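This report refers to the structure that appears directly beneath it.
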Number of protein chains: 2
Amino acid sequence: MKKPVPRISDTEWEVMRAVWSGHPATAGEIADRLAQSDPSWHPKTARTLIGRLVEKGALAYDVEGRSFLYRPAVTEQECIAAASESFLDRVFGGALKPMLAHFVEHEDLSPEEVKELEKILARRKNRR
Amino acid sequence: MKKPVPRISDTEWEVMRAVWSGHPATAGEIADRLAQSDPSWHPKTARTLIGRLVEKGALAYDVEGRSFLYRPAVTEQECIAAASESFLDRVFGGALKPMLAHFVEHEDLSPEEVKELEKILARRKNRR
DNA sequence: GCCGATCGCCTACATCTGTAGTCCGAGCGG
DNA sequence: CCGCTCGGACTACAGATGTAGGCGATCGGC
């Protein structure tokens, strides 16, 4: 019974993150959050996206009185896992290590972050 | 004069990887490589994609006699960097460490790979 | 109680994507 | 020589995406 996480497009991700960041939320609240992080968000656009996400089964809502309270229908973890999978396949042909190596080599990591990652790696070694 | 790497879609990535894996190459060769890794690739589809990639400026070609020899017009590194950036922003809101942590936690890494990553991290520490 | 601000629902529409098919000119096998 | 084949150019077409606008019911004020 694995619900296949629906495919979430770029802009839809922004909406999802707005919802995950605090729910339930009305469409207006969601639109406000989006506009806050990027003023070019038009409320109408937000609503359309919300509608599509509901259709796709990524969002659900409860009717409270006469307003709609939206909430995620899939967890952020599930979506992250799915998107990561697809990114990994697409860009690195599924090869995990080169991907991690790329990020470690080319992006900015503070020394503390490096240390934390080492810890995570160490934990992982023990686990197995 | 940074050429902005054109946006490469999912299937287009497969084509690009086929080209990066050995060029210059004729459309036929590219199609063959694709079909080899996934038999459901139709040659016509490959050609269409190649055409689009040329339009987008991701591929270029030289006319040799009467056949076309295609080659990448953008490097794999550039594309990887662009795609990674966008993935990172989209899914993790730009936060690198959580992203790396996610992959290390949830995906399969052989002990050897873990070791290599530790080495990369260590190198990185020294570098700075 | 009427008026404008909201809100959800439906509609619009240009692009981009995925997946091929058609057409035509140029060699290739007979 | 001649039809068959292969490659490139153009065409097709449905579904996803980004970005909104219009319509009708409602609710909060005045």
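Lettering of chains follows the sequences in order, A, B, ..., and the numbering in each one begins at 1. Everything numeric in this text was worked out from a predicted model, so none of it was measured. Values reported hereafter were calculated over all heavy atoms of this structure, with side chains retained and with hydrogens, waters and symmetry mates removed.
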Q) Considering heavy-atom distances to DNA chain C, does Tyr70(A) or His42(B) have its closest nucleotide positioned more toward the 5' end? A) Tyr70(A)
Q) When you check the phosphate oxygens OP1 and OP2 of dG21(D), does a side-chain N or O of Arg47(A) lie under 4.0 Å from one of them? A) no
Q. For the pair made of CG in Leu53(A) and C1' in dT17(D), what is the distance, rounded to whole Å?
A. 12 Å
Q. Lys44(B) side chain: which of dA20(C), dT19(D), dC9(C) is closest?
A. dA20(C)
Q) CD1 of Ile30(A) versus P of dT6(C): gap in Å, rounded? A) 17 Å
Q) Quick one: on DNA chain D, does Ile8(A) or Trp41(A) contact a more 5' nucleotide (nearest heavy atom)? A) Ile8(A)
Q: Could you tell me whether the side chain of Arg52(B) has a donor or acceptor atom within less than 3.5 Å of a complementary atom in the base of dG18(C)?
A: yes
Q.
Over 60° means perpendicular and under 30° means parallel, so tell me whether His102(A) and Phe92(A) are parallel, tilted or perpendicular.
A. tilted
**Q.** Which nucleotide in dG8(C), dT19(C), dG18(C) has an atom nearest any side-chain atom of Thr48(B)
**A.** dT19(C)
Q. Got a donor-acceptor contact below 3.5 angstrom from the Arg47(B) side chain to the His42(B) backbone?
A. no
(Q) Just N and O in the side chain of Ser67(B): are any of them under 4.0 Å from OP1 or OP2 of dG8(D)? (A) no
Q) Are Cys79(A) and Trp20(A) side-chain neighbours, meaning at least one heavy-atom pair lies under 4.5 Å? A) yes
Q | Leu69(B) CG - dG8(D) P separation (whole Å) | A | 10 Å
Q: Could you tell me the separation between the CD1 atom of Ile50(B) and the P atom of dT19(C), rounded to a whole number of Å?
A: 15 Å
Q. In whole Å, what is the span from the CD atom of Glu14(B) to the P atom of dT17(C)?
A. 14 Å
(Q) Check this one for me: any side-chain N or O of Thr11(A) less than 4.0 Å away from OP1 or OP2 of dG18(D)? (A) yes
**Q.** Spacing of Arg7(A) atom CZ relative to dC16(C) atom C1', expressed in whole Å
**A.** 12 Å
**Q.** Euclidean distance, atom CZ of residue Phe68(B) to atom C1' of dG8(D) [Å, nearest integer]
**A.** 6 Å
Q. If you round to the nearest 0.5 Å, how far is OH of Tyr61(A) from CD1 of Ile50(A)?
A. 12.5 Å
Q.
Any side-chain N or O of Thr45(A) below 4.0 angstrom from OP1/OP2 of dA20(D)?
A. yes
Q | Spacing of Glu29(B) atom CD relative to dC6(D) atom P, expressed in whole Å | A | 15 Å
**Q.** Side-chain donor-acceptor contact under 3.5 Å, Gln36(A) with Trp41(A)
**A.** no
